[in-house]
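Note that the numbering runs from 1 along the sequence shown for the chain.
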Amino acid sequence: MKKKYAADLILLTAALMTGTIFFIFAVYPFGIGISEDTVSYLSAAESLHDSGKMLGIDGNPMTAWTPLFPLLIYLLKLLPVRIENSLLVFNLITFLLTLWTSWLLIRLVIHSFFFRCVTMTALVFSFTLLQVFTTALSESLFLLLINLFLLICLKINEAEQKENKRYLLLLFFTLLATAMLQRFAGIFLIPVAVVILYYNKYHRTVFNTGLLFISGFPLAFWLFRNWKVTGTLTGLRPAGNELFEKNIMVLSDTITSWFLPIQLPISLRLFAGSLLILFILFYLFQHQSKSVFLLCITTVSYISILCIAYWFTSFEEPRDRLLSPVFIPLFILLFSGLDFFTQKLNLKKIIIPLVLLWLFYPAARTLKHLHRWHDEGVEVYNHVMWKDNEMLSYLKENELSGKIISNDAHAIYFFTGLHATPVPKSIYHDVDILNEIKAGSYIVWWEGDRYSLHNFNTFKNNFELMEVKRMKEGVIYRITLNRINGYF
C-alpha cells in the first residue's frame, strides 16, 4: 500500500513539474497570451475602477461576456505588480490545481496504475490544455471549476451522513453559480446537477428549487442587467443557423485532432468517431458505474448545448479552446474504458503497446507548438509582430481628435489605451454602426489576411476618405464627407 501511494505521489509530482516547465517555456520571453477576450475584460475592469460601470473597448456596456473575469482583474489590479504578471501567476496556479484535481478524478475512476500514468501523461502533453492555460483569462478557471464540480458530485455519492451531503450540495451549487458567471456555457452544468440530485434521491421540489435558485440567480441577474442597459441578453450576434453545418464540421475536426491528425480522409474520421461513440456506449452499459455515468453525461451535455447554441447564434468556432471543458472528462472516460476492457478481455499485450505508441502523437503536437510559442508568442497580442509596430507608435504620438473605427480595435485599446469601435465581422449585416459614423471620424485599417472577414469596400463606397498616414502595418484614413448622409 505504501509503495502504491509513493508511486502515485511520484507520478503527480512529475506531472506538475513537467507542466510547469512547459508553461514557463511557452510564455517566455513574450509573456502570457493576450486574446481579444482578455482585452475586453481589461477594458471592463478599468472602467469599473474609473466609473463603476463595466464598459467595453468602444465605451459601450459589456454584454458579450460574463462578469467574473473583470471582477477578478479589478482585485488583481490592487496588487503592486503589472496586471500581465498577475495573470501569468494566476494561470500557472490554476493550471497546477487543474492537473492536481484531474489526478484526483483519475484515481477515483481508473484502477490500473499504467492507465493512470497514460491518462496523466496525455493531459500534461495536451496542446488543448496548454493553449488554454498559457492564454490569460481563457477557459482556464472554467476547467478547474468543472473538475471541482465533478469531484464534489462523486463525493456526494460516498457521503453517508445527511449533514455531510447537505454541505457538499451547497458547495456543489456554489461552484455551479461561479462557473456560470465565468462562461455562459456554464449553464450546461444545470442538467448535470439535476440528474445527480435525482440519482441521489435529492429531488424534493422545495430543496431542488432552492439550490437551483442559488446557482442560477447570478447569471439571471447579469442577463437582466444586460437587457436593461442594451436591450439584448448577450450583445448583438448574427444568426447561427447559416453557419451551423460549418461549425459542426469544425467541432468534429477539433475532437478528431485530439486523437488523430485531421489530414486523414473524412470517411476514416467518421469511422473512427463512430467507433468512439460505440465504445463509450458499450462501456457505459458494461460498467454501470456512477462515476463513469457522470463523466459521460458531462461530456454529452456540454457538446449538445454547444451545438444548440450554434443553431441560434454565431460566435467563435468550436476549436480547441472552446471545447477544452470536456477534454479532461472525455480522456478520463476513454482511458477508464480501455483499462476496463484490457483487464476484462486480457488484451494487455495488444493494447499497452498501441497506447504507448499513440502517446507520441499528442507529445509531438504539443512540442511543435511549444517551440512556435517560444519564438513568436502565445496568443494574438503578445505575438512578435507587435514589437516595434509603426502604426502603434504613430497612434501613441499623435492624438486623433475624432471617433476611431478599426478592424482591430482591441489592439488599439491594449497598446495605446485609446477607445475604438470594432468593425463587425460582416459589415453588410450591420448597417447601424455605419449610420453612426460622422465626418471627422478616423478609420485605422490593419492589413493582412487575419482581417479578411472585414470588408473595407463598404467604407470606400459610402464615405469620402482622406489618407492620413500609410505604414507597413496598415493605413489611417479620415472621413471628410458622408456621401449618403448615413443611409443606404
Visitor: Any chance CZ of F224 has more than 12 other-residue heavy atoms, nucleotides or ligands included, within less than 6.0 Å?
Guide: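 No - once you tally the heavy atoms of other residues, nucleotides and ligands closer than 6.0 Å, there are 12 at most.
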Visitor: Check step by step if side chain to side chain donor-acceptor pair (under 3.5 Å) holds for W258 and T128.
Guide: CA-CA 8 Å; W258 293 351; T128 301; 3.0 Å; yes
Visitor: Hey, does the side chain of N91 reach the backbone of T135 with a donor-acceptor pair shorter than 3.5 angstrom?
Guide: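 Checking the backbone N and O of T135 against the side chain of N91, a donor-acceptor pair under 3.5 Å is found.
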Visitor: Fit a plane to each ring of F335 and F115, take the angle between them on a 0 to 90° scale, and name the class: parallel (under 30°), tilted (30 to 60°) or perpendicular (over 60°).
Guide: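 Judged by the thresholds at 30° and 60°, the geometry between F335 and F115 is tilted.
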Visitor: Among side-chain atoms of S40 and S43, is any donor-acceptor pair under 3.5 angstrom?
Guide: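 Distance-only check fails for S40 and S43.
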Visitor: Among residues two or more places apart or on two chains, list those pairs meeting side chain to side chain donor-acceptor pair (under 3.5 Å) that have a residue in residues 323-333.
Guide: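 Listed once each, the pairs would be none.
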Visitor: Please find the pair of heavy atoms, one from M54 and one from W222, that lie closest to each other, and give the distance.
Guide: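 Looking at all heavy atoms of both residues, the closest pair is SD-CH2, 3.8 Å.
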Visitor: Taking all non-hydrogen atoms of both residues into account, name the closest pair between T298 and V326 and its distance.
Guide: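 T298 and V326 have their closest heavy atoms at O-CG1, 4.2 Å.
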Visitor: Could you tell me the separation between the OG1 atom of T256 and the CG atom of L251, rounded to the nearest 0.5 Å?
Guide: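 CG of L251 is found 9.0 Å from OG1 of T256.
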Visitor: Have a look at D408 and tell me which of Y381, Y413, W445, W446 forms a side-chain hydrogen bond (donor to acceptor under 3.5 Å, both in side chains) with it.
Guide: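 Exactly one option meets the side-chain hydrogen bond (donor to acceptor under 3.5 Å, both in side chains) with D408, and it is Y381.
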Visitor: Above 12 or not: heavy atoms from other molecules or residues under 6.0 Å from CH2 of W227?
Guide: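 No, not enclosed.
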Visitor: How about Y361 and F259: are their ring centres within less than 6.0 Å of each other?
Guide: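 Not under 6.0 Å, so no.
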Visitor: Show your reasoning for whether side chain to side chain donor-acceptor pair (under 3.5 Å) applies to S257 and T254.
Guide: CA-CA 5 Å; S257 71; T254 302; 5.4 Å; no
Visitor: With sequence neighbours left out, what residues match E84 under salt bridge (charged side-chain N to carboxylate O under 4.0 Å, His left out)?
Guide: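 By the salt bridge (charged side-chain N to carboxylate O under 4.0 Å, His left out) rule, E84 matches R82.
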Visitor: Please report the shortest heavy-atom distance between A136 and L87, naming the atom on each side.
Guide: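 Smallest heavy-atom distance, with atoms named: CB-CD1, 4.0 Å.
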Visitor: Step through the shown structure and confirm whether more than 12 heavy atoms of other residues, nucleotides or ligands are within 6.0 Å of CD1 on I187.
Guide: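 At most 12 heavy atoms, drawn from other residues, nucleotides or ligands, come within 6.0 Å of this atom.
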Visitor: Report yes or no: does T63 contribute a side-chain atom to a donor-acceptor pair with the main-chain N or O of N226 at less than 3.5 Å?
Guide: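 No, because the side chain of T63 does not come within donor-acceptor range (under 3.5 Å) of the backbone of N226.
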Visitor: Does the side chain of D58 come under 3.5 Å of the side chain of T421 through a donor N or O and an acceptor N or O?
Guide: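 Side-chain D/A pair, D58 to T421: absent.
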Visitor: The criterion is salt bridge (charged side-chain N to carboxylate O under 4.0 Å, His left out); which residues satisfy it with D320, sequence neighbours excluded?
Guide: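 Here the qualifying residues are R365.
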Visitor: Determine the interplanar angle of the F327 and F331 rings, folded into 0 to 90°, and report it as parallel if under 30°, tilted if 30 to 60°, perpendicular if over 60°.
Guide: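 The rings of F327 and F331 lie parallel, inter-plane angle below 30°.
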Visitor: Could I get the full list of salt bridge (charged side-chain N to carboxylate O under 4.0 Å, His left out) partners for R319, not counting sequence neighbours?
Guide: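 Result, salt bridge (charged side-chain N to carboxylate O under 4.0 Å, His left out) vs R319: E317.
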Visitor: Report the C-alpha separation of S140 and S138 in whole Å, then their side-chain angles, then the decisive distance to 0.1 Å, and conclude whether the side chain to side chain donor-acceptor pair (under 3.5 Å) test is met.
Guide: CA-CA 5 Å; S140 54; S138 180; over 6 Å; no
Visitor: Are H371 and F25 an aromatic pair, judged by ring center distance below 6.0 Å?
Guide: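 They qualify: ring centres under 6.0 Å apart.
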Visitor: For residues 93-121, which residue pairs pass the salt bridge (charged side-chain N to carboxylate O under 4.0 Å, His left out) check, not counting sequence neighbours?
Guide: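 Residue pairs passing salt bridge (charged side-chain N to carboxylate O under 4.0 Å, His left out), neighbours aside: D8-R107, D8-R116.
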Visitor: Excluding sequence neighbours, so at least two apart, what forms salt bridge (charged side-chain N to carboxylate O under 4.0 Å, His left out) with R225?
Guide: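 Applying salt bridge (charged side-chain N to carboxylate O under 4.0 Å, His left out) to R225 gives none.
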Visitor: For this output row, return yes or no: ring centroids of F127 and W373 closer than 6.0 angstrom.
Guide: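 Between F127 and W373, the centre distance is under 6.0 Å.
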Visitor: What's the verdict on side chain to side chain donor-acceptor pair (under 3.5 Å) for T101 and N147, showing C-alpha distance, side-chain angles and the deciding distance?
Guide: CA-CA 6 Å; T101 50; N147 272 5; 3.0 Å; yes
Visitor: Whether the side chain of N247 engages the backbone of Y310 through a donor-acceptor N/O pair (distance < 3.5 Å, no angle test) should be reported.
Guide: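 No: the side chain of N247 does not pair with the backbone of Y310.
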